[in-house]
Amino acid sequence: MKNIMLVFGTRPEAIKMAPLVSAFRSHADTFRTQVCVTGQHREMLDQVLHIFDIRPDFDLDIMKQGQDLYDVTSRVLLGMRRVLAEARPDAVLVHGDTTTSTAAALAAFYARTPVAHVEAGLRTHDIYSPWPEEMNRQLTGRIATWHFAPTPLSRANLMAEGVAGENIAVTGNTVIDALRSVTERIGSDRELAGALAAELHAAGYDTARLDATGRRLVLVTGHRRENFGEGFLNICNALRDLALRYPQVDFVYPLHLNPNVRRPVHEVFGGPGRQPGNVFFIEPLEYLSFVFLMERAHIVLTDSGGIQEEAPGLGKPVLVMRDTTERPEALEAGTVRLVGTDYGKITAETARLLDEPQAYAQMAHATNPYGDGHACRRIVEFMKKMFP
Ligand code: UD1
Ligand code: UDP
């Protein structure tokens, strides 16, 4: 029996690691599976733990309001010292490019415990874009023994950095496993779908507006550090002007809890008469409600990583409010388009998709390169081979 530990701390890592926790737990004859959450996110992490019914074995509970990168790195590193000494795992699995992942990988290395990196090999090759994620994933990749690359391109990136082919498995992205399980749950349970619609209504957006009147929905999310300040102000100004120009379209923006994301919203939309009636700011949604809403969206405007992988799986064109992407497969497949945080580009590209059915159809019908929903099974099989 081998002891393995999955470590994660933010909302997207939790969504992408949740199906892997259950995949390992269904091999209880081979693996004793423990979960350590860092709590880098608190409320947004707990929302995911709740949906997937995960009770962590360890919780470092590190989040502080306004934490910076030094806070997160040092608190995870020190917290993991105690957890690793107590749990003594044979391998630690971390995910992607957050500071939780890199600090946990470093902590495991200090304990001489091998690290497996899930969602490995994504690169922009610009260490400041996205910041600090590009450096985080490069460092984690350097520490890791095993690498689970979502696509052949991410495998090639790792090989170009000297990683041996036998230590890499191309698995697809586990987010597609998570998304599939959730869309199946929603699609097969009318009561659940009704409850999600009611939840959204309570959160401030009534999806019946769409069903009843043929209105279209533009779903918006944003949180990247490099967009703080001017970038978010441009995004908000673009949203405001688009909403005024298209009164038949609803713009729904579940706001990340980071205060840097909320400030520009108050600046642009605060004050009497500043917020058009077809713009809805709501609190971060639980994953099931978010997927329910994404299924109803016409277009997604985001700077998120995970949503660039999910939305195309639902046939939704994505305009990415970033200058670079570590997901060029999606660009090539035509499912996403980069618009940066430039006011003119955001408004022009959104208008094009709203006004030109052909441009819309081209993006909506492209195929999603991020997997077939069996990434977790491949990861477990690989780990079984490593621990015969
Ligand atoms: C983090 C990750 C980023 C990832 C993103 C996903 C790092 C450096 N950044 O960025 O890679 O894409 O999560 O969303 O690892 N907050 C709350 N409650 C929550 C979550 C956040 O109040 O549940 C607020 C707190 O004030 C916190 C702040 O948001 O201090 C920033 O959180 P942090 O995890 O440091 O950065 P994110 O921008 O969320
Ligand atoms: N998401 C969610 N509720 C929301 C907004 C997003 O559950 O209100 C999900 C989304 O479906 C995706 C993940 O959160 O799986 C993306 O998280 P985020 O954009 O914060 O991080 P990134 O992927 O950029 O690291």
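All ligand and atom numbering here is 1-based and tracks the order in the structure.
Under 4.0 angstrom from ligand 1, there are no non-hydrogen atoms of Pro130. Proximity of Glu133 to ligand 1, defined as any heavy-atom pair under 4.0 Å, is confined to the side chain (atoms from C-beta onward). Counting heavy atoms closer than 4.0 Å to ligand 1, residue Pro132 contributes side-chain atoms (C-beta onward) but none from N, CA, C or O. At a heavy-atom cutoff of 4.0 Å, ligand 2 is contacted by the side chain of Ile15 but not by its backbone.
Here the protein heavy atom with the shortest distance to atom 5 (C) of ligand 1 is His223 CE1, 3.5 Å. Counting protein heavy atoms only, atom 4 (C) of ligand 2 is closest to Arg11 NH1, 3.2 Å. For atom 11 (O) of ligand 2, the nearest non-hydrogen atom of the protein is Glu310 OE1, 2.7 Å. The nearest protein atom to atom 30 (O) of ligand 1, hydrogens excluded, is given as Lys64 O, 2.8 Å; this is a heavy-atom distance. Looking only at heavy atoms of the protein, atom 29 (O) of ligand 1 is closest to Asn258 CA, 3.3 Å. Nearest to atom 25 (O) of ligand 2 among the protein's heavy atoms is Pro12 CG, 3.3 Å. The shortest contact between atom 18 (P) of ligand 2 and any protein heavy atom is with His223 NE2, 3.6 Å. In this structure, the protein non-hydrogen atom closest to atom 8 (C) of ligand 1 is Thr99 OG1, 3.1 Å. Here the protein heavy atom with the shortest distance to atom 19 (O) of ligand 2 is Ser304 OG, 2.8 Å. Looking at atom 25 (C) of ligand 1, its nearest protein heavy atom turns out to be Gln65 OE1, 3.5 Å. In terms of protein heavy atoms, atom 23 (O) of ligand 1 is closest to Met44 N, 2.9 Å. Looking only at protein heavy atoms, the nearest one to atom 18 (N) of ligand 1 is Glu43 OE1, 2.7 Å. Looking at atom 10 (O) of ligand 1, its nearest protein heavy atom turns out to be Arg225 NH1, 3.7 Å.
At a 3.5 angstrom cut-off on N or O pairs, His256 counts as close to ligand 1. Taking distance alone, with nitrogen or oxygen atoms compared against 3.5 Å, Met44 stays at or beyond that limit from ligand 2. In terms of polar-atom proximity, Gln67 is counted as a contact of ligand 1, with an N or O under 3.5 Å from an N or O of the ligand. Checked against a 3.5 angstrom limit, the closest N/O atoms of His41 and ligand 1 fall inside it. Looking at ligand 1, you won't find any N or O of Thr98 less than 3.5 Å from one of its N or O atoms. The shortest N or O to N or O distance between Lys16 and ligand 2 is not under 3.5 Å. Below 3.5 Å of separation, one finds an N or O of Leu285 facing an N or O of ligand 2. The N/O atoms of Gln40, backbone and side chain alike, include one that comes under 3.5 Å of an N/O atom in ligand 1. Looking at ligand 2, you won't find any N or O of His256 less than 3.5 Å from one of its N or O atoms.
Side-chain atoms of Tyr370 and Glu329 form a donor-acceptor pair, as typed in the model, at a separation below 3.5 Å. With no hydrogens or angles considered, a side-chain donor-acceptor pair links Thr325 and Gln308 at under 3.5 Å. Side-chain atoms of Gln138 and Glu134 include a donor-acceptor pair closer than 3.5 Å.
Between Arg377 and Glu381 there is a salt bridge, with a side-chain nitrogen of the basic residue lying less than 4.0 Å from a carboxylate oxygen of the acidic one. Taking a cutoff of 4.0 Å between a charged side-chain nitrogen and a carboxylate oxygen, Arg224 and Glu133 qualify as a salt bridge. For Arg42 and Asp59, the salt-bridge test passes: some basic side-chain N is under 4.0 Å from an acidic carboxylate O. Under the 4.0 Å criterion applied to side-chain N and carboxylate O atoms, Lys16 and Asp177 are not assigned as salt-bridge partners. Taking the charged nitrogens against the carboxylate oxygens, Arg327 and Glu119 do have a contact shorter than 4.0 Å, which makes a salt bridge. With salt bridges taken as basic N to acidic carboxylate O contacts below 4.0 Å, none links Arg88 and Asp90.
Of all the atoms in ligand 2, the ones that sit under 4.0 Å from a non-hydrogen atom of Pro284 are 8 (O). Each of the atoms 22 (P), 23 (O) of ligand 2 lies under 4.0 Å from some heavy atom of Gly306. Within ligand 1, counting atoms from 1 as listed, the ones closer than 4.0 Å to a heavy atom of Leu257 are 16 (N), 17 (C), 18 (N), 19 (C), 22 (O), 23 (O), 24 (C). Those atoms of ligand 2 with a heavy atom of Arg224 less than 4.0 angstrom away are 24 (O). Per-residue contacts place Ile307 under 4.0 angstrom from the following atoms of ligand 2 (heavy atoms of the residue considered): 10 (C), 12 (C). Less than 4.0 angstrom separates some heavy atom of Gly305 from each of these atoms of ligand 2: 22 (P), 23 (O), 24 (O). Atoms of ligand 1 lying under 4.0 Å from at least one heavy atom of Pro259, given by number and element, are 26 (O). Numbered from 1 in the order shown, with element, the atoms of ligand 1 that lie under 4.0 Å from a heavy atom of Pro12 read 6 (C), 14 (O). Atoms of ligand 2 lying under 4.0 Å from any heavy atom of Pro254, numbered from 1 in the order shown and given with element: 8 (O). Proximity to Gly66 (heavy-atom distance under 4.0 Å) selects the following atoms of ligand 1: 26 (O), 30 (O). Residue-ligand proximity, Leu69 to ligand 1, at heavy-atom distances under 4.0 Å covers atoms 8 (C). Within ligand 2, counting atoms from 1 as listed, the ones closer than 4.0 Å to a heavy atom of Tyr287 are 7 (O), 11 (O), 15 (O).
In terms of hydrophobic clustering, with Ile, Leu, Val, Met, Phe, Trp and Tyr side chains grouped at heavy-atom distances under 4.5 Å, Leu210 and Leu242 are assigned to different clusters. Cluster annotation: Leu84 is connected to Ile143 through the hydrophobic network of ILVMFWY side chains, with a link wherever side-chain heavy atoms come within less than 4.5 Å.
Arg155 places no side-chain N or O within donor-acceptor distance of the main-chain N or O of Val170, the cut-off being under 3.5 Å.
A side chain to side chain contact (heavy atoms under 4.5 Å, CB included) with Val218 is found for exactly one of Val252, Asp250, Val249, namely Val249. With respect to Arg137, the side chain to side chain donor-acceptor pair (under 3.5 Å) criterion is satisfied by exactly one of Asn157, Thr102, Asp97: Asp97. No option in Asn260, Asp323, Asp303 other than Asp303 meets the side chain to side chain donor-acceptor pair (under 3.5 Å) test with Asn227.
Atom CD of Gln362 sits in a sparse spot, with 12 or fewer heavy atoms from other residues, nucleotides or ligands closer than 6.0 Å. Crowding of Arg352 atom CZ: a count of heavy atoms from other residues, nucleotides or ligands under 6.0 Å exceeding 12.
Taking the six-membered ring where tryptophan is involved, the planes of His298 and Tyr360 are essentially parallel, since the angle between them stays under 30° and well short of 60°. Aromatic ring orientation, Tyr287 versus Phe52: tilted (interplanar angle from 30° to 60°).
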(request) Run the numbers on Glu13 and Val37 for side-chain contact (heavy atoms from CB on, under 4.5 Å), then give the verdict. (result) CA-CA 10 Å; Glu13 296 167 271; Val37 296; over 6 Å; no
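Under the 6.0 Å distance and 45° angle rule, Arg296 counts as a cation-pi partner of Phe292.
Across Arg42, Arg224, Met63, Arg262, heavy-atom proximity to atom 22 (O) of ligand 1 is greatest for Met63.
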